[in-house]
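Because only heavy atoms are used, hydrogens play no part in the values below, and waters and symmetry mates are left out as well, while side chains stay in.
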Amino acid sequence: MAPNPHSEVPLRPEPIEAKIIDGKKISEEIKIELREQIKEWMQQENVRAPQLTCILVGEDSASQVYVKNKMKAANDVGIKSETINLPKTISEDELIQIIERLNDDNSVDGILVQLPLPDHIDDKKICNIVSCEKDVDGFNSTNLGRLSQDLNTMVPCTPLGVQELLKKYDIETFGKTAVVVGRSAHVGKPIQSLLQSDGRHEISGMDCTTIMCHRFTPPEKLKKFCREADIIIVAVGKPNLIREDMIKPGACVIDVGITRIYDEETKKSKLVGDVDFENVKKVAGLITPVPGGVGPMTVCMLMKNTFTAAKRLAKLRKEKLIK
């Protein structure tokens with residue numbers, strides 16, 4: 001078997017600067033694989049290209065950039081994409097009608113509703129309107145519930161991207177202690193489910209002993225838990241929350257947080273994570289940068305979920321025709 005180019009003994013006691021987990025590089029490698037897989041699938045099954053439809057409500061500049069990046073990634077791997085731009089004044093009922101139409105449209109495989117939505121629209125209600133089979137974000141409560149039960153389902157893209165990074169870098173998880181900082185429904189909780197789930201079950205969990213921390217965890221307790229962790233995954237949105245003195249030597253640190261701050265030195269804004277990167281990398285064994293770590297993997301996993309949805313729906317349509 002050829003050696004894994006990203007492999008390295010992850011938990012080392014020596015005071016060597018951490019290996020950088022390059023999410024951008026891994027995501028590009030996966031997209032190349034996806035492009036070939038989609039092309040081969042279309043030829044073998046004689047089917048159209050997968051179709052991803054994104055709904056963008058309002059004119060939030062950050063959301064527009066995110067959607068543009070997602071549509072570009074779709075084009076890169078051979079997925080057809082469409083963006084439905086809606087005014088921020090649209091009513092919740094009108095938005096629901098559009099989603100229900102897409103649910104019934106056999107030419108659409110994946111539906112993505114870009115969050116956040118305007119204040120007068122209930123995010124959770126809208127996510128639950130999206131068909132489970134087309135829910136490529138994995139935010140439908142049924143899909144999240146299946147994940148918590150170790151059942152095969154659409155896994156939210158960021159947690160799936162984190163799991164993929166751990167796999168690509170051969171980071172041992174079986175029996176290891178993992179701390180998840182952040183308990184959001186779309187990131188922290190699904191990551192916890194993937195980490196602690198039994199590897200023998202449908203979602204191929206990672207068999208970690210997992211500790212969940214959040215904003216009400218006392219600082220001294222957070223430090224204690226992190227110091228015991230082989231793997232730390234933080235997704236809070238609070239710069240420099242995780243410091244050098246909180247890290248077990250050789251631990252793997254995955255930083256999901258992203259915040260835009262003003263840099264006094266450059267007099268420009270910049271993106272930072274929840275980890276004090278420059279100091280933590282002196283103690284950790286492996287670490288993700290921000291940007292360039294988890295972010296590219298999130299977009300990449302959206303493409304993977306869309307392809308998965310297209311294959312499942314094509315199979316269901318074929319079986320229905322046979323019957």
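For residues 136-155, there are no salt bridge (charged side-chain N to carboxylate O under 4.0 Å, His left out) pairs, not counting sequence neighbours.
Between Ile21 and Cys252 there is a side-chain heavy-atom pair separated by less than 4.5 Å. Residues Lys88 and Glu59 form no side-chain contact, since every pair of their non-hydrogen atoms from C-beta on lies 4.5 Å or further apart. Counting heavy atoms from C-beta outward, Thr306 and Val77 have side chains that stay 4.5 Å or more apart. Inter-residue side-chain proximity for Ile96 and Lys125 is flagged as met; some heavy-atom pair is nearer than 4.5 Å. Proximity of Asn75 to Lys72: side-chain heavy atoms (C-beta onward) are nowhere separated by under 4.5 Å. Contact of the Glu133 side chain with the Arg312 side chain is not registered, since no non-hydrogen atoms from C-beta on lie closer than 4.5 Å. Contact annotation: the side chain of Lys168 never approaches that of Glu29 to less than 4.5 Å [non-hydrogen atoms, C-beta and beyond]. The shortest side-chain heavy-atom distance between Ser27 and Val299 does not fall under the 4.5 Å cut-off.
Judged purely by atom type and a 3.5 angstrom limit, Asn140 has no side-chain atom pairing as donor or acceptor with the backbone of Ser131. Judged by distance alone, the side chain of His201 and the main-chain N or O of Ile203 form no donor-acceptor pair under 3.5 Å. In terms of modelled atom types and a separation under 3.5 Å, the side chain of Asp207 and the main chain of Phe174 share no donor-acceptor contact. In this structure, the side chain of Asn128 engages the main chain of Ser141 through a donor-acceptor pair within 3.5 Å.
The hydrophobic clustering, which links ILVMFWY residues whose side-chain heavy atoms are closer than 4.5 Å, places Ile126 and Val108 together. Cluster annotation: Tyr169 is connected to Leu195 through the hydrophobic network of ILVMFWY side chains, with a link wherever side-chain heavy atoms come within less than 4.5 Å. Residues Tyr66 and Leu302 do not share a hydrophobic cluster, clusters being chains of Ile/Leu/Val/Met/Phe/Trp/Tyr side chains in contact below 4.5 Å. Linking ILVMFWY side-chain heavy atoms closer than 4.5 Å, directly or via other members, places Ile84 and Val136 in two distinct hydrophobic clusters. Ile191 and Leu144 fall into different hydrophobic clusters, where Ile, Leu, Val, Met, Phe, Trp and Tyr side chains are chained together by heavy-atom contacts under 4.5 Å.
Under the 30°/60° scheme for interplanar angles, the aromatic rings of Phe307 and Trp41 are found to stand perpendicular.
Note that OG1 of Thr217 and NZ of Lys223 are 15.5 Å apart. Values are rounded to the nearest 0.5 Å. Summarising the geometry, atom CG belonging to Asp109 is positioned 4.0 Å from atom CZ belonging to Arg48; distances are rounded to the nearest 0.5 Å. Between atom NZ of residue Lys124 and atom CG of residue Leu117 there is a gap of 13.5 Å, rounded to the nearest 0.5 Å. The structure places CG of Leu313 at 10.5 Å from OG1 of Thr308, a figure rounded to the nearest 0.5 Å. With rounding to the nearest 0.5 angstrom, the SG atom of Cys157 is 7.5 Å from the NZ atom of Lys70. From Ile242, atom CD1 reaches atom CD1 of Ile233 across 12.0 Å, with rounding to the nearest 0.5 Å.
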Residue pair Glu319, Lys315: steps toward the side-chain contact (heavy atoms from CB on, under 4.5 Å) verdict: CA-CA 6 Å; Glu319 290 175 348; Lys315 183 179 179 182; 3.3 Å; yes
Stepwise side-chain contact (heavy atoms from CB on, under 4.5 Å) check, Val280 with Met246: CA-CA 9 Å; Val280 168; Met246 301 169 70; over 6 Å; no
When you look at Leu115 and His186, which way does the side-chain contact (heavy atoms from CB on, under 4.5 Å) test go after all the steps? CA-CA 11 Å; Leu115 301 180; His186 298 157; 4.1 Å; yes
Can Ile287 and Asp255 be said to form a side-chain contact (heavy atoms from CB on, under 4.5 Å), step by step? CA-CA 8 Å; Ile287 189 170; Asp255 191 350; 5.9 Å; no
Report the C-alpha separation of Asp230 and Lys248 in whole Å, then their side-chain angles, then the decisive distance to 0.1 Å, and conclude whether the salt bridge (charged side-chain N to carboxylate O under 4.0 Å, His left out) test is met. CA-CA 7 Å; Asp230 302 306; Lys248 175 181 177 180; 2.7 Å; yes
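Salt-bridge annotation for Lys134 and Asp105: absent, with no side-chain N of the basic residue lying under 4.0 Å from a carboxylate O of the acidic one. Using a 4.0 Å cut-off between charged side-chain N and carboxylate O, Lys39 and Glu36 make no salt bridge. Here Lys304 pairs with Glu164 in a salt bridge; the nearest charged N to carboxylate O distance falls below 4.0 Å.
When each of Leu56, Ile55, Thr53, Ile98 is tested with Val113 by the rule side chain to side chain contact (heavy atoms under 4.5 Å, CB included), just one qualifies, namely Ile55.
Closest non-hydrogen pair, His120 versus Ser91, comes out as NE2-CA, 4.4 Å. Between Met71 and Cys54, the shortest heavy-atom distance links the atoms CE-CB, 3.8 Å. Across every non-hydrogen atom of Thr210 and Gln192, the tightest pair is CG2-CG, 3.6 Å. Closest non-hydrogen pair, Ile30 versus Cys300, comes out as CG2-SG, 3.4 Å. Among all heavy-atom pairs drawn from Asp245 and Arg227, the shortest one is O-CD, 3.1 Å. Across Ala235 and Val187, no two heavy atoms sit closer than the pair CB-CG1, 3.7 Å.
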Sequence neighbours excluded and cut-off under 3.5 Å, please list the side-chain donor-acceptor pairs for residues 269-278, or say none.
unit_1: Ser269; atom_1: OG; unit_2: Arg260; atom_2: NH1; d: 3.3
unit_1: Lys270; atom_1: NZ; unit_2: Asp263; atom_2: OD2; d: 3.3
unit_1: Asp274; atom_1: OD1; unit_2: Gly237; atom_2: N; d: 3.0
unit_1: Asp274; atom_1: OD1; unit_2: Lys238; atom_2: N; d: 2.7
unit_1: Asp274; atom_1: OD2; unit_2: Val236; atom_2: N; d: 2.6
unit_1: Asp274; atom_1: OD2; unit_2: Gly237; atom_2: N; d: 3.0
unit_1: Asp276; atom_1: OD2; unit_2: Asn279; atom_2: ND2; d: 2.9
unit_1: Glu278; atom_1: OE1; unit_2: Lys281; atom_2: NZ; d: 3.2

Show me the donor-acceptor pairs within less than 3.5 Å that the side chains of residues 289-298 make with the rest of the protein, sequence neighbours left out.
unit_1: Thr298; atom_1: OG1; unit_2: Thr158; atom_2: OG1; d: 2.9
unit_1: Thr298; atom_1: OG1; unit_2: Val294; atom_2: O; d: 3.4

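Defined by atom type and a distance below 3.5 Å, a donor-acceptor pair is present between the side-chain atoms of Glu40 and Gln44. Side-chain atoms of Thr153 and Asn143 include a donor-acceptor pair closer than 3.5 Å.
Few gaps surround CD on Glu220; more than 12 heavy atoms of other groups in view lie less than 6.0 Å from it. At most 12 non-hydrogen atoms from other residues, nucleotides or ligands lie less than 6.0 angstrom from NZ of Lys268. Within a 6.0 Å sphere centred on NZ of Lys311, heavy atoms belonging to other residues, nucleotides or ligands number more than 12. The local environment of OH in Tyr262 is crowded, with over 12 non-hydrogen atoms from other residues, nucleotides or ligands closer than 6.0 Å.
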